[in-house]
Amino acid sequence: MPYENIIVTIEDSIGLIQLNRPKVLNALNAAVMRELGQAFDEFEANDAVRCIVIYGNERAFSAGADIDAMKTATPVEMLQRDWVAQWDRPRRMKKPVIAAVSGYALGGGCELAMACDIIIASETAQFGQPEINIGVIPGAGGTQRLPRAIGKARAMEMILTGKFMKADEAERRGLVARVVPVESYLEEAKALAREIASKPPIAVQFAKECVNKVYELPLGEGLEYERRHFYFLFSTEDQREGMEAFLAKRKPQWKGK
Ligand code: HXC
């Protein structure tokens with residue numbers, strides 16, 4: 001499928017999506033979000049793809065929703081286009097999605113990264129929700145995901161002032177899994193994706209689902225949700241294979257069944 005605003009490739013078992021509007025720091029408009037949705041659909045349907053990495057370029061992961069494209073929009077147009085719903089797509093993917101962030105991840109860019117399962121940041125990464133400076137608020141998850149990731153006080157400060165957070169603090173506060181040198185941030189993200197891709201796929205899918213439920217369920221229900229998924233895995237061939245291989249001291253061969 002031809003894409004104009006993103007570059008979509010497959011490397012081994014990893015699906016790669018590069019945001020590709022460098023002149024506007026990968027600002028996200030309706031066309032980018034539509035193409036992103038198509039790429040996610042394509043990867044979800046392709047059994048050869050086990051993990052996805054989304055990235056921008058060294059200067060910017062994405063500086064947010066395209067301000068030029070939004071500036072004259074009416075509420076009804078926003079509602080009818082409902083392009084903001086696409087931001088939640090990485091979370092809704094069965095397969096894990098890693099955001100490899102270098103440079104700016106602002107506004108909708110920060111929200112897109114936070115909708116992914118893991119963020120790997122280069123040491124030049126900067127995160128922020130500067131919407132307040134253009135007369136709006138975060139609209140694609142920022143007010144919900146940022147406090148959950150870094151705590152209410154610091155998230156509130158960032159959202160009310162629009163100030164950015166640097167990579168080292170983002171790591172300290174748990175927004176990103178790891179900060180790595182800018183020269184290798186993409187390779188590190190790909191290496192992590194390859195490692196995840198080498199694990200049993202159904203267990204990976206369930207693990208992602210269960211961890212994400214932490215934001216939605218009270219503890220008792222979350223524990224039950226986890227337990228039922230754990231039990232269900234005993235119906236898979238990969239559970240037998242994993243445990244037998246461990247006891248036979250050999251490498252497991254996953255079937256995804
Ligand atoms: C459209 C953008 C853009 C954006 C940058 N550009 N961010 N265009 N939408 N979000 C464009 C600039 O207009 C400029 O175009 C070019 O990219 C380079 O940007 P500069 O500002 O010249 O670069 P620099 O001085 O290095 O500053 C970088 C920056 C700044 C700090 C990231 O661009 C900035 O503040 N951008 C806006 C960040 C922001 O407010 N994001 C939130 C958007 S609202 P020209 O043509 O002049 O070269 C949002 C809401 C999401 O995301 C809610 C769900 C939809």
Side-chain angles (χ1 to χ4, degrees), residues 4-7 17-40 54-93 97 99-116 119 121-150 154-170 175-176 182 185 215:
E4 286 175 12
N5 300 284
I6 59 177
I7 298 172
I17 302 175
Q18 181 176 20
L19 301 169
N20 190 32
R21 298 185 78 209
K23 284 191 187 143
V24 286
L25 308 185
N26 293 325
L28 304 165
N29 60 16
V32 183
M33 297 314 292
R34 191 172 50 246
E35 290 186 13
L36 267 183
Q38 285 166 0
F40 280 125
I54 178 165
Y55 61 105
N57 55 52
E58 276 189 23
R59 187 172 172 212
F61 174 75
S62 166
D66 192 319
I67 299 169
D68 195 37
M70 278 191 300
K71 65 181 190 295
T72 57
T74 67
V76 172
E77 280 164 4
M78 295 292 269
L79 186 73
Q80 284 171 343
R81 269 191 238 154
D82 200 23
W83 59 307
V84 178
Q86 287 293 351
W87 258 263
D88 195 39
R89 190 77 177 87
R91 179 186 68 89
R92 287 186 284 107
M93 288 286 288
V97 184
V101 174
S102 178
Y104 298 114
L106 305 176
C110 185
E111 290 168 313
L112 182 63
M114 288 193 294
C116 297
I119 303 176
S122 95
E123 55 209 355
T124 65
Q126 294 196 63
F127 299 85
Q129 298 290 163
E131 287 91 340
I132 200 79
N133 296 325
I134 55 167
V136 289
I137 63 170
T143 64
Q144 302 304 300
R145 288 201 170 100
L146 194 60
R148 283 169 161 88
I150 67 172
R154 189 70 175 99
M156 190 71 94
E157 187 181 19
M158 285 177 72
I159 289 167
L160 294 182
T161 65
K163 288 202 177 124
F164 305 163
M165 176 185 277
K166 296 208 166 109
D168 56 343
E169 186 182 349
L175 179 61
V176 311
V182 64
Y185 81 99
Y215 290 144

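As the structure is a prediction and not an experimental result, all values here were calculated from the model. As the structure lists them, so they are numbered: ligands from 1, and atoms in each ligand from 1.
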Looking only at protein heavy atoms, which one is nearest to [atom], and what is the separation?
{"atom": "atom 20 (P) of ligand 1", "value": "R59 NH2, 4.4 Å"}
{"atom": "atom 35 (O) of ligand 1", "value": "L106 CD1, 4.8 Å"}
{"atom": "atom 30 (C) of ligand 1", "value": "L25 CD1, 4.7 Å"}
{"atom": "atom 50 (C) of ligand 1", "value": "E131 OE2, 3.5 Å"}
{"atom": "atom 27 (O) of ligand 1", "value": "Y104 OH, 4.4 Å"}
{"atom": "atom 54 (C) of ligand 1", "value": "A140 CB, 3.6 Å"}
{"atom": "atom 43 (C) of ligand 1", "value": "A65 O, 3.7 Å"}

Taking 4.0 Å as the limit for heavy-atom contacts, which would you say applies to [X] with ligand 1: side chain only, backbone only, both, or neither?
{"X": "Q86", "answer": "neither"}
{"X": "I67", "answer": "both"}
{"X": "A27", "answer": "side chain"}

Drop me the distance from [X]'s [atom1] to [Y]'s [atom2], to the nearest 0.5 angstrom.
{"X": "I6", "Y": "L36", "atom1": "CD1", "atom2": "CG", "value": "5.0 Å"}
{"X": "N57", "Y": "R21", "atom1": "CG", "atom2": "CZ", "value": "13.0 Å"}
{"X": "D88", "Y": "R145", "atom1": "CG", "atom2": "CZ", "value": "5.0 Å"}
{"X": "T124", "Y": "E58", "atom1": "OG1", "atom2": "CD", "value": "7.0 Å"}
{"X": "M158", "Y": "I150", "atom1": "CE", "atom2": "CD1", "value": "5.0 Å"}
{"X": "L19", "Y": "N5", "atom1": "CG", "atom2": "CG", "value": "9.5 Å"}

Exercise for review: Identify the heavy atoms of P147 and G142 that sit nearest to each other, and give their distance.
Suggested key: CD-O, 3.6 Å

Check your understanding: Which heavy atom of C110 sits nearest a heavy atom of G128, and at what distance?
Key ->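 Scanning both residues completely, I find the closest heavy atoms to be CB-O, 3.5 Å.
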
For [X], counting its heavy atoms only, list the atoms of ligand 1 lying under 4.0 Å from any of them.
{"X": "V84", "value": "55 (C)"}
{"X": "G139", "value": "53 (C)"}
{"X": "W87", "value": "55 (C)"}
{"X": "G107", "value": "42 (C), 52 (O)"}
{"X": "E111", "value": "51 (C), 53 (C)"}

**Study point:** Nitrogen or oxygen of G108 less than 3.5 angstrom from that of ligand 1
**Key:** yes

Heavy-atom protein contact below 4.0 Å for [atom]:
{"atom": "atom 47 (O) of ligand 1", "answer": "no"}
{"atom": "atom 33 (O) of ligand 1", "answer": "yes"}
{"atom": "atom 52 (O) of ligand 1", "answer": "yes"}
{"atom": "atom 13 (O) of ligand 1", "answer": "no"}
{"atom": "atom 22 (O) of ligand 1", "answer": "no"}

Check whether any side-chain heavy atom of [X] sits under 4.5 Å from a side-chain heavy atom of [Y], and report yes or no.
{"X": "E169", "Y": "L175", "result": "no"}
{"X": "V176", "Y": "F127", "result": "yes"}
{"X": "C116", "Y": "I54", "result": "yes"}

Does any N or O in the side chain of [X] come within less than 3.5 Å of the main-chain N or O of [Y], such that one atom is a donor and the other an acceptor?
{"X": "Q18", "Y": "G56", "value": "yes"}
{"X": "W87", "Y": "G108", "value": "yes"}
{"X": "E131", "Y": "V136", "value": "no"}
{"X": "D66", "Y": "A27", "value": "no"}

I want to confirm something. Looking only at heavy atoms, which of [options] is nearest to [atom]?
{"atom": "atom 44 (S) of ligand 1", "options": "I134, N26, I132", "value": "I134"}
{"atom": "atom 6 (N) of ligand 1", "options": "V24, L28, D68, L112", "value": "V24"}
{"atom": "atom 38 (C) of ligand 1", "options": "G64, G141, A63, A30", "value": "A63"}

Check your understanding: Heavy atom of K23 under 4.0 Å from ligand 1?
Key -> yes

Review point. Does ligand 1 have an atom that lies less than 4.0 angstrom from a heavy atom of P130?
Key: yes

